[in-house]
Peer 1: 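Please find one structure pasted underneath; my questions will follow.
When a ligand or atom number is given, it counts from 1 through the structure's own listing order. Position 1 is the first residue of the sequence; numbering continues from there.
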Amino acid sequence: MLIRRPGLRLVVLEREDELAAHQTGHNSGVVHAGIYYAPGSQKARLCAEGKRLLEAYCAERDIPIGYPGKLVVALREDEVPRLEAIEARARANGVPGLEVVGPDRIRALEPHGAGIRALWSPSTGIVDFRRVTNALADDIRAAGGEIRTAAAVQRIDARGSVITLGVGSDEVSARSVIACAGLWSDRVAAMTGDTGSERIVPFRGSYYELVPERRALVRRLLYPVPDPRFPFLGVHLTPRPDGRVWVGPNAVLALARAGYRRRDVDLREVAAIVRHGGFRRLVGRHWQTGLAEQWRDLSRRAFAEAARRFIPELRDRDLVPGPSGVRAQALDPDGSLVEDFRLGGAGRVLHVRNAPSPAATSSLAIARELADRAEGQLFAGFSAGPAGGRGMGHS
Ligand SMILES: Cc1cc2nc3c(=O)[nH]c(=O)nc-3n(C[C@H](O)[C@H](O)[C@H](O)COP(=O)(O)OP(=O)(O)OC[C@H]3O[C@@H](n4cnc5c(N)ncnc54)[C@H](O)[C@@H]3O)c2cc1C
């Protein structure tokens, strides 16, 4: 917006002391190629567009993107039809360079890897999304925007012609608000009376790391064939831009919105989740999967076993505990996980209501989409030029 409308006043309000303190700074760092997403969905479109924009941005800002490529690996015959369905999706999404490969080629690409068939995506990359965020923040400042950290928005009054946001005892006025509050997005939406139907359920994902002397076991991103009911489940192996190799994440219910550790418990949050009809329906349907994930969370051996299916030489002692992240996953009242991105809100206040993976890859395309909508609303009937109002968003 600042580039399109020089002179626009824009402030980013971030509740934490630093940027990328939540999902963006706690993810796998994968630049997704757009393999899994339903053709025509927002995810499919914005992932492809976002990847192009991200690659161009990183080239401009000298942020390295590595291209280890990705193998989605079928280990058993019964996984092959699902792999074929994913290949068809990926081709419909226009993912470049795809190849279906057999055991010999799997071994050539990943000398220690197992698998009977795999989908090879050479254009899948890895990047440090914290670095990307900080570069974007520098650009905002350089263009005259302001970034305020330790600035949690506690209330929003959008009834008058000017929107007022309460940040502690301060007030910020704006003509347009874009709220991208991740784990708190339903709460921020509720501040504008926009309760919506979905609720954010936080899912903690913990990683293990390979000990340095075993990192050479993994050269590519290795992913299981996803279960269409739980597209984000399944331990994968990820070489990182800094040379480390992460194994994971799993997915268990986090007991607080920022529940990065098992001991982070917010009893009110837990009670609210358990009361939510959608959550109870989800558990009723999928409690076995939930228990398996929970067990993997407690047992390094179970985690190693999941990873060993892809790298048979991997031993339990090759894994040491790594970081964790918390996913903001929107859940509908009928108990279904909201799969696609959900960007909503009315008029002058836009809410990002569901932006799970691959939203880091897609971020610049999502930003463009939101900027288009906000601009359309703010400047309807005006030609481009400096604006007197104040835009605000949290990143
Ligand atoms: C474990 C894990 C692995 C992932 N792996 C990948 C991957 O490899 N590739 C990929 O593309 N995507 C991945 N994702 C998804 C991706 O990280 C997220 O979709 C993306 O970062 C979402 O960005 P966001 O800005 O919506 O949310 P966030 O990064 O969570 O940012 C929301 C911000 O809003 C702030 N905020 C909240 N409430 C308020 C308030 N009231 N006032 C002010 N500020 C507020 C928060 O402090 C936070 O900084 C992964 C996610 C997780 C958790």
Side-chain angles (χ1 to χ4, degrees), residues 11-37 43 46-47 50-51 54 65 70 124-130 132-133 136-137 147-156 165-168 172 177-192 200 202-207 221 223 231-233 235-236 238-241 246 248-252 254 257-260 322-330 341-343 351-367 370 392-395:
V11 56
V12 176
L13 301 172
E14 166 53 54
R15 60 180 268 151
E16 305 297 350
D17 294 339
E18 54 169 0
L19 299 177
H22 292 294
Q23 296 175 97
T24 303
H26 288 91
N27 62 31
S28 300
V30 178
V31 181
H32 288 288
I35 292 176
Y36 308 109
Y37 318 117
K43 274 192 179 176
L46 295 172
C47 182
K51 181 170 188 277
L54 183 67
I65 300 188
K70 171 179 188 169
T124 301
I126 45 171
V127 76
D128 179 346
F129 282 112
R130 268 180 203 262
V132 175
T133 308
L136 288 167
I147 306 232
R148 286 193 212 166
T149 51
V153 174
Q154 285 148 345
R155 50 196 186 280
I156 302 176
L165 298 102
V167 180
V172 175
V177 173
I178 301 176
C180 326
L183 287 155
W184 291 269
S185 54
D186 53 350
R187 296 232 182 113
V188 172
M191 289 178 198
T192 56
I200 290 293
F203 282 98
R204 176 166 55 78
S206 296
Y207 296 88
L221 297 157
Y223 276 64
F232 64 72
L233 282 192
V235 166
H236 49 265
T238 312
R240 305 273 305 166
W246 287 7
N250 62 348
V252 295
R257 296 262 169 158
Y260 290 90
S324 61
V326 184
R327 297 176 180 86
Q329 174 61 55
F341 296 149
R342 206 171 263 182
L343 315 176
H351 292 288
V352 175
R353 312 186 79 106
N354 190 52
S357 187
T361 305
S362 317
S363 51
L364 295 177
I366 295 175
L370 291 167
M392 169 270 168
H394 5 132
S395 161

Peer 1: Does ligand 1 come near enough to Tyr207 that some N or O of the ligand is less than 3.5 Å from an N or O of the residue?
Peer 2: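 No; the residue has no nitrogen or oxygen that sits under 3.5 Å from a nitrogen or oxygen of the ligand.
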
Peer 1: What are the atoms of ligand 1, with element, lying closer than 4.0 Å to any heavy atom of His32?
Peer 2: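 Near His32, meaning under 4.0 Å from one of its heavy atoms, ligand 1 has 7 (C), 8 (O), 9 (N), 10 (C), 11 (O).
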
Peer 1: Under a 4.0 angstrom heavy-atom cut-off, which atoms of ligand 1 come close to Cys180?
Peer 2: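 Those of ligand 1 that fall under 4.0 Å from Cys180 are 32 (C), 33 (C), 34 (O).
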
Peer 1: Can you find an N/O atom of Val153 closer than 3.5 Å to an N/O atom of ligand 1?
Peer 2: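 Between Val153 and ligand 1 (N or O atoms, distance only) the closest approach is under 3.5 Å.
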
Peer 1: Going by the order shown, which atoms of ligand 1 are within less than 4.0 Å of some heavy atom of Arg327?
Peer 2: 52 (C), 53 (C)

Peer 1: Decide whether an N or O pair under 3.5 Å exists between Ala152 and ligand 1.
Peer 2: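 No; every N/O pair is 3.5 Å or more apart.
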
Peer 1: Does ligand 1 have any atom sitting under 4.0 Å from a heavy atom of Phe203?
Peer 2: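 Under 4.0 Å: no for Phe203.
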
Peer 1: For His22, take its heavy atoms, then give the atoms of ligand 1 lying under 4.0 Å from any of them.
Peer 2: 30 (O), 46 (C), 47 (O), 48 (C)

Peer 1: Which of parallel (below 30°), tilted (30 to 60°) and perpendicular (above 60°) describes His32 and Tyr37?
Peer 2: perpendicular

Peer 1: Below 4.0 angstrom from a heavy atom of Val188, which ligand 1 atoms are there? Numbered from 1 as shown, please.
Peer 2: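 So the answer, numbered in order with elements, is 41 (N).
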
Peer 1: Are any of the N or O atoms of Ser28 closer than 3.5 Å to those of ligand 1?
Peer 2: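 Yes, at least one N or O pair falls under 3.5 Å.
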
Peer 1: Test Asp186 against every option in Arg257, Arg353, Arg342 by the salt bridge (charged side-chain N to carboxylate O under 4.0 Å, His left out) rule and name the one that passes.
Peer 2: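 Testing Asp186 for a salt bridge (charged side-chain N to carboxylate O under 4.0 Å, His left out) against Arg257, Arg353, Arg342 leaves exactly one candidate, Arg257.
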
Peer 1: Could you establish whether Leu13 and ligand 1 come within less than 4.0 Å of each other, counting only heavy atoms on the residue side?
Peer 2: yes

Peer 1: Report the relative orientation of the aromatic rings in His22 and Trp184; use parallel for angles under 30°, tilted for 30 to 60°, perpendicular for over 60°.
Peer 2: perpendicular

Peer 1: With backbone taken as N, CA, C and O and side chain as the heavy atoms from C-beta onward, which portion of Ala151 lies under 4.0 Å from ligand 1: side chain, backbone, both, or neither?
Peer 2: backbone

Peer 1: Closest approach of Asn27 and Arg240, non-hydrogen atoms and distance?
Peer 2: O-NH1, 3.3 Å

Peer 1: If you look at every heavy atom in Leu183 and Gln23, which pair is closest and at what distance?
Peer 2: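 Between these two residues, the closest heavy atoms are N-NE2, 4.2 Å.
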
Peer 1: Below 4.0 angstrom from a heavy atom of Pro356, which ligand 1 atoms are there? Numbered from 1 as shown, please.
Peer 2: 19 (O)

Peer 1: Of the choices Arg204, Gln23, Arg15, which has the non-hydrogen atom that lies closest to atom 45 (C) of ligand 1?
Peer 2: Arg15

Peer 1: Taking a cutoff of less than 4.0 Å between a non-hydrogen atom of the residue and any ligand atom, is Ala179 in contact with ligand 1?
Peer 2: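 Heavy atoms of Ala179 never come under 4.0 Å of ligand 1.
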
Peer 1: Specify side chain, backbone, both or neither for Val326, according to which of its non-hydrogen atoms lie closer than 4.0 Å to ligand 1.
Peer 2: backbone

Peer 1: Does Asn27 reach ligand 1 with a nitrogen or oxygen that is under 3.5 Å from one of the ligand's nitrogen or oxygen atoms?
Peer 2: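 Yes.
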
Peer 1: On a heavy-atom basis, which atom in Thr124 and which in Ala33 lie closest, and how many Å separate them?
Peer 2: OG1-CB, 3.6 Å

Peer 1: Check whether any N or O atom of His26, backbone or side chain, sits under 3.5 Å from an N or O atom of ligand 1, and answer yes or no.
Peer 2: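 The answer is no, given that His26 and ligand 1 share no N or O pair closer than 3.5 Å.
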
Peer 1: Examine Ala355 against ligand 1 and note whether any of their N/O atoms are separated by less than 3.5 Å.
Peer 2: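 For ligand 1, there is an N or O atom that lies under 3.5 Å from one belonging to Ala355.
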
Peer 1: Which atoms from ligand 1 have a heavy atom of Glu16 less than 4.0 Å away?
Peer 2: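 Under 4.0 Å from Glu16, ligand 1 has these atoms: 47 (O).
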
Peer 1: Run the numbers for me: atoms of ligand 1, each under 4.0 Å from some heavy atom of Val30, listed by number.
Peer 2: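 Those of ligand 1 that fall under 4.0 Å from Val30 are 7 (C), 8 (O), 9 (N), 10 (C), 11 (O).
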
Peer 1: Measure across Ala181 and Val188 and return the closest heavy-atom pair with its distance rounded to 0.1 Å.
Peer 2: CB-CG2, 3.7 Å

Peer 1: Judged by non-hydrogen atoms, does Gly182 sit under 4.0 Å from ligand 1?
Peer 2: yes

Peer 1: Mind checking whether Phe341 contacts ligand 1 via backbone (N, CA, C, O), side chain (CB onward), both or neither, at a 4.0 Å heavy-atom cut-off?
Peer 2: neither

Peer 1: List the atom of Phe341, the atom of Ile366, and the distance in Å for their closest heavy-atom pair.
Peer 2: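 Here Phe341 and Ile366 meet closest at CE1-CD1, 4.0 Å.
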
Peer 1: Return the minimal non-hydrogen interatomic distance between Tyr223 and Val30, and the atom names on each side.
Peer 2: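 Looks like OH-CG2, 3.4 Å.
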
